[in-house]
Amino acid sequence: MFDLQKMLKQAQKMQGEMGAIKEEIERLEVTGSAGGGAVSVTCSGKFEFKAIKIQPDAAQDPGLLEDLILLALNDATRQVNEETNKRMSKLTDFMPPGFKLPGM
């Protein structure tokens, strides 16, 4: 039998959990790197880049340096996306297949 009260309670619980997970993601920091650590970037869960480190050897070739920076940025972005999806998937375990939360 369909229990609307139970469903509303689950929705409220899920909303609270989603808020907590979003705060956790916003505090998240990951470091993406390229070239065996020649270039590394630190990115928050809000996709704000906080720091970049370049090893002196990487600065010898400007074209290579540009490529390494892009690779490190993409690595950090991928990591934030993976962590976000991993954390948010905890909320979708009981939902029907194919259902997506907004922003996922």
Side-chain angles (χ1 to χ4, degrees):
M1 176 173 270
F2 182 73
D3 186 350
L4 184 59
Q5 276 305 97
K6 183 177 178 182
M7 189 173 175
L8 288 173
K9 280 186 176 185
Q10 282 183 321
Q12 286 176 329
K13 179 182 176 190
M14 188 173 132
Q15 187 176 24
E17 289 175 4
M18 184 184 293
I21 289 172
K22 282 185 175 184
E23 287 178 17
E24 182 182 325
I25 290 168
E26 288 176 0
R27 289 190 305 269
L28 175 72
E29 281 195 0
V30 301
T31 300
S33 64
V39 174
S40 62
V41 295
T42 302
C43 181
S44 76
K46 293 172 22 176
F47 295 100
E48 295 172 340
F49 293 95
K50 305 284 188 173
I52 184 166
K53 293 184 181 178
I54 300 171
Q55 298 298 319
D57 293 347
Q60 303 294 326
D61 180 350
L64 176 62
L65 180 57
E66 290 170 354
D67 291 342
L68 292 174
I69 291 170
L70 288 174
L71 289 169
L73 290 168
N74 288 332
D75 184 41
T77 301
R78 178 192 53 76
Q79 289 182 52
V80 170
N81 283 326
E82 284 178 1
E83 287 297 319
T84 298
N85 290 336
K86 183 170 67 173
R87 285 169 168 80
M88 294 300 276
S89 71
K90 295 174 189 174
L91 297 176
T92 60
D93 288 344
F94 70 93
M95 293 181 188
F99 182 87
K100 289 198 178 239
L101 293 170
M104 285 189 68

Between [Y] and [X], does any NZ, NE, NH1 or NH2 come within less than 4.0 Å of an OD or OE carboxylate oxygen?
{"X": "E82", "Y": "R78", "value": "yes"}
{"X": "E83", "Y": "R87", "value": "yes"}
{"X": "K50", "Y": "E29", "value": "no"}

Reported [atom1]-to-[atom2] distance for the pair [X] and [Y], which is rounded to 0.5 angstrom:
{"X": "T84", "Y": "K22", "atom1": "OG1", "atom2": "NZ", "answer": "10.5 Å"}
{"X": "S33", "Y": "K53", "atom1": "OG", "atom2": "NZ", "answer": "12.0 Å"}
{"X": "K9", "Y": "K6", "atom1": "NZ", "atom2": "NZ", "answer": "10.5 Å"}
{"X": "N74", "Y": "N81", "atom1": "CG", "atom2": "CG", "answer": "10.5 Å"}
{"X": "L70", "Y": "L65", "atom1": "CG", "atom2": "CG", "answer": "9.5 Å"}

Q: Can you establish whether the number of heavy atoms outside E17 located under 6.0 Å from its atom CD is more than 12?
A: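 Yes, because the 6.0 Å sphere around CD of E17 holds more than 12 heavy atoms from other groups.
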Q) Does atom CD of E48 have more than 12 heavy-atom neighbours from other groups under 6.0 Å away? A)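 Above 12, so yes.
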Q | Heavy-atom pair of closest approach, residues T31 and S40 | A |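 For T31 versus S40, the nearest heavy atoms are CG2-CB, 3.9 Å.
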Q.
Tell me the closest heavy-atom pair linking V80 and C43, and the distance in Å.
A.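 Closest heavy-atom pair between V80 and C43: CG2-SG, 4.1 Å.
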Assigning hydrophobic clusters by single linkage (Ile, Leu, Val, Met, Phe, Trp, Tyr; side-chain heavy-atom cutoff under 4.5 Å), is [X] placed with [Y]?
{"X": "V30", "Y": "M88", "answer": "no"}
{"X": "I21", "Y": "L28", "answer": "no"}
{"X": "V41", "Y": "L68", "answer": "yes"}

Q: Answer whether the closest heavy-atom distance between the side chains of L71 and V39 falls below 4.5 Å.
A: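 No, too far: nothing below the 4.5 Å cut-off.
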